[in-house]
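This one's a predicted model, so the numbers in the text were calculated from it and none came from an experiment.
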Amino acid sequence: TFKKQSSIWREESPSNTRGVGMNKKNWESIIDQLNESGERLRIKMGSPGSAQVTRCRLMSNYDGLDVQTKGSYLLLDLA
């Protein structure tokens, strides 16, 4: 289990895009799911670049979270 360092934020894509990237991700809910299951989560982002930016944001907002990227996927695990 890890603690949140600052307020939660949501990943948003412009409304004129199509596909997976259109969904808002509720990171608080995703982190709660990770804490409950203890299993690595694999999350599809809109692009490799958005995965990298999100990785940096998550790492700055949460202690005890291991975040890696593989292409446009985020791999979340407890550190």
Is there a continuous path of hydrophobic side-chain contacts, each under 4.5 Å between heavy atoms, that joins [X] to [Y]?
| X | Y | value |
| --- | --- | --- |
| Leu75 | Leu58 | no |
| Leu78 | Trp27 | yes |
| Leu76 | Met59 | yes |

Atom pair CG (Asn61) and CD (Glu28), whose distance is rounded to the nearest 0.5 Å: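 Spacing of CG (Asn61) from CD (Glu28) equals 11.5 Å.
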
Atom pair OG/CD1 of Ser72 and Ile43 - distance to nearest 0.5 Å: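 It is 12.0 Å, given to the nearest 0.5 Å.
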
Evaluation steps, side-chain contact (heavy atoms from CB on, under 4.5 Å), between Ile31 and Tyr62: CA-CA 9 Å; Ile31 298 303; Tyr62 293 95; 3.9 Å; yes

Step-by-step side-chain contact (heavy atoms from CB on, under 4.5 Å) determination, Thr54 to Met45: CA-CA 9 Å; Thr54 302; Met45 300 299 291; 3.2 Å; yes

Pair Leu65-Leu34, side-chain contact (heavy atoms from CB on, under 4.5 Å): steps then yes or no: CA-CA 10 Å; Leu65 181 64; Leu34 178 63; 3.5 Å; yes

side-chain hydrogen bond (donor to acceptor under 3.5 Å, both in side chains) partners for Gln33, two or more places apart: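 Per chain and number, Gln33 pairs via side-chain hydrogen bond (donor to acceptor under 3.5 Å, both in side chains) with no residue.
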
Side chain to side chain contact (heavy atoms under 4.5 Å, CB included) involving Thr69 - partner list, sequence neighbours excluded: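 By the side chain to side chain contact (heavy atoms under 4.5 Å, CB included) rule, Thr69 matches Ala51, Gln52, Arg55, Leu74.
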
